[in-house]
2 protein chains.
Amino acid sequence: MAAGRRGSAAAPMRQAAGRREQAAATAAALKAAAVRVFDERGYLNTKITDITAAAGRAAGSFYNHFTGKQQLLEALLADMLAAGDARVQREHPYDHDLSDRAQLRWHVAGFWQAFRDNKTVFVAVTQAALVDERFAARLPELMSPDQAAMRQHLEYLAEKGVRLPGEPAAVAVALTGMWFQFAYQQLVSDFMGRIGRLSDDAAIDLLTDFSLRGLTGGNDHQPATRPARGQ
Amino acid sequence: MAAGRRGSAAAPMRQAAGRREQAAATAAALKAAAVRVFDERGYLNTKITDITAAAGRAAGSFYNHFTGKQQLLEALLADMLAAGDARVQREHPYDHDLSDRAQLRWHVAGFWQAFRDNKTVFVAVTQAALVDERFAARLPELMSPDQAAMRQHLEYLAEKGVRLPGEPAAVAVALTGMWFQFAYQQLVSDFMGRIGRLSDDAAIDLLTDFSLRGLTGGNDHQPATRPARGQ
DNA sequence: GTCTATACCGGGATAGAC
DNA sequence: GTCTATCCCGGTATAGAC
């Protein structure tokens with residue numbers, strides 16, 4: 001508590017590192033701390049000082065790395081999108097027929113996992129968009145890759161003769177909307193949660209079956225209630 | 001700009017009214033102004049002074065009627081819920097079988113209309129919940145009447161032998177989630193909107209057909225693509 | 001009850017020593 | 001690059017005249 005030497009207690013190992021690594025390390029520490037704090041309090045309720053405190057740095061230090069809270073969030077968003085792209089490149093090799101339950105389930109499961117992994121950033125960006133034009137403008141970037149891909153798959157289905165409940169683009173919105181909202185309610189929101197909270201597998205199965213029926217009318221394949229866990 | 005007589009320009013007719021009516025009138029004016037301003041800027045970006053300015057009243061006057069922004073919002077919410085209850089009492093007489101397309105569509109249409117009528121308050125409450133514990137706690141009240149009713153109807157379906165894609169409670173969450181998200185994207189959000197923006201009728205039809213298929217598997221009734229406008 | 005004027009405070013952002 | 005200390009602004013909420 002005495003006003004003696006300070007600054008080294010938080011991170012002794014920083015002593016030896018060069019300025020460059022120092023900066024990178026602090027920036028990373030701030031980002032990591034921000035994720036933690038956003039998760040607890042929510043983006044909008046978080047003050048700059050909450051972040052620096054959680055990172056064990058001084059308040060003023062923040063501005064050596066970011067111009068403000070939103071810029072930090074943009075950095076987090078960029079990281080997330082980069083990781084997401086990499087994942088798709090890696091694991092999205094085969095052609096799609098969403099009227100096939102296994103393939104549809106693979107899609108749903110991928111979405112679910114991505115949402116779960118990134119929910120803090122996801123929610124923070126959503127919150128930021130409510131207040132900040134700039135983020136509102138960037139939201140499509142977040143959603144539309146999914147939605148655009150989905151639309152293409154649906155157009156393919158339509159060509160194949162499946163009678164969708166509406167235009168592919170609109171159906172894509174309804175479909176991804178349901179997924180998103182369901183994931184949000186299951187994984188994020190506390191309220192209304194205790195009724196109907198499911199395991200990940202059960203949730204994915206429900207979305208898969210619901211989606212399959214909605215898209216195909218349920219006539220094209222086996223009844224949706226089969227176990228089908230091994231896909 | 002001169003410091004002459006003021007206060008009467010905004011509402012000359014107020015002169016004659018008693019204190020009581022005065023107060024009621026001002027409170028109402030503030031609420032109405034708030035709705036307008038929330039709609040433009042969003043709840044979170046709105047300052048008390050924005051509301052008073054829009055209502056043509058002085059800033060300090062606000063606190064004669066409300067303790068703060070949230071209390072005003074609570075008043076709006078109460079009004080809305082009261083109106084909603086009245087509507088259900090009035091128009092919800094007959095028994096439900098959601099596997100019947102006409103009845104299902106009636107439900108969807110009712111939801112859609114309620115959302116459209118109240119979207120400003122709806123969105124404001126959602127925003128408030130992000131920042132304010134108190135509102136987060138009240139959100140279930142907003143959603144759960146729909147969801148609880150829906151769950152009952154689904155349980156009824158299940159008893160009737162319809163094979164739902166999951167537990168009634170969970171399916172209710174997915175279903176109302178899809179409706180809500182779709183309505184939000186169609187009626188509120190600007191981004192991602194230009195693709196797939198539909199007329200009200202088309203949107204309701206899409207949700208109806210998607211829901212019907214999802215619930216029943218599409219086997220219990222006529223193909224979903226029929227016009228069926230007259231319900 | 002409504003108005004104007006202002007006290008007050010949280011918190012973002014900067015200055016300058018180390 | 002990091003720290004402490006501080007400035008300063010926007011905005012809420014109150015005081016007090018009419």
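All values derive from a computational prediction rather than experimental measurement. Reckoned from all heavy atoms, side chains included, excluding hydrogens, waters and symmetry mates. Chain identifiers are assigned alphabetically (A, B, ...) following the order of the sequence lines, protein sequences preceding nucleic acid strands; residue numbering begins at 1 within each chain.
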Pairwise salt bridge (Lys or Arg N to Asp or Glu O under 4.0 Å) hits with a residue in residues 62-72 of chain A, at least two apart: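 Pairs touching residues 62-72 of chain A that pass the test: none.
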Do K31(A) side-chain atoms and A75(A) backbone N/O form a donor-acceptor pair below 3.5 Å?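 No, because the side chain of K31(A) does not come within donor-acceptor range (under 3.5 Å) of the backbone of A75(A).
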Just by distance, do the side chain of E155(B) and the backbone of P168(B) share a donor-acceptor pair under 3.5 Å?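 Such a contact is absent between E155(B) side chain and P168(B) backbone.
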Output the single nucleotide from [options] whose closest atom is nearest the side chain of [X].
X      : options                : result
A58(A) : dC3(D), dG1(D), dG1(C) : dC3(D)
H65(A) : dT2(C), dT4(D), dT2(D) : dT2(D)
N64(A) : dT4(D), dG1(D), dG1(C) : dG1(D)

Does dG1(C) have OP1 or OP2 sitting under 4.0 Å from an N or O in the side chain of S61(B)?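 Checking dG1(C) against S61(B), no side-chain N or O comes under 4.0 Å of OP1 or OP2.
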T26(A) side chain near dG1(D) phosphate (N/O to OP1/OP2, under 4.0 Å):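 It does not, given that no N or O in the side chain of T26(A) lies less than 4.0 Å from OP1 or OP2 of dG1(D).
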Whole Å only: how far is the [atom1] atom of [X] from the [atom2] atom of [N]?
X      : N       : atom1 : atom2 : value
Q71(A) : dG12(C) : CD    : C1'   : 15 Å
L30(B) : dT2(C)  : CG    : P     : 8 Å
F66(A) : dG1(D)  : CZ    : P     : 13 Å
F62(B) : dT4(C)  : CZ    : P     : 17 Å
K69(B) : dG11(D) : NZ    : P     : 10 Å
R57(B) : dT4(C)  : CZ    : C1'   : 17 Å
Q70(B) : dT12(D) : CD    : P     : 11 Å
Y63(A) : dC7(D)  : OH    : P     : 17 Å

Exercise: do D117(B) and Q113(B) side chains pair donor with acceptor under 3.5 Å: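 There is such a pair between these side chains.
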Atom CD of residue position E74(B) - does it have more than 12 heavy atoms of other residues, nucleotides or ligands inside 6.0 Å?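 It does: E74(B) CD has more than 12 such atoms within range.
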CZ/R134(A): more than 12 non-hydrogen atoms of other groups inside 6.0 Å: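 No, because the 6.0 Å sphere around CZ of R134(A) holds 12 heavy atoms or fewer from other groups.
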With the threshold set at 4.0 Å, does a side-chain nitrogen-carboxylate oxygen contact exist between R105(A) and D201(A)?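 A salt bridge is present here (some side-chain N lies under 4.0 Å from a carboxylate O).
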Answer yes when E40(A) and R36(A) have at least one side-chain N-carboxylate O distance shorter than 4.0 Å, and no when they do not.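 No salt bridge links E40(A) with R36(A).
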Quick one: label A23(B) by what it contacts on the DNA or RNA (base, sugar-phosphate, nothing), any heavy atom closer than 4.0 Å.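 Sugar-phosphate, no base atom in range.
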Expected output is a numbered-order residue list: members of residues 37-50 of chain B with a heavy atom under 4.0 Å from any atom of DNA chain D. What is it?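 Nucleic-acid contacts, sorted: K47(B), I48(B).
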For side chain to side chain contact (heavy atoms under 4.5 Å, CB included), just list the numbers for F115(A) and F182(A), CA-CA rounded to whole Å, side-chain angles, deciding distance to a tenth of an Å, and then say yes or no. CA-CA 11 Å; F115(A) 189 98; F182(A) 196 67; over 6 Å; no
Based on the rotation axes of five pairs at each end, what angle does the helix from dG1(C)-dC18(D) to dC18(C)-dG1(D) bend through, to 10°?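 For the helix from dG1(C)-dC18(D) to dC18(C)-dG1(D), the axes at opposite ends meet at about 10°.
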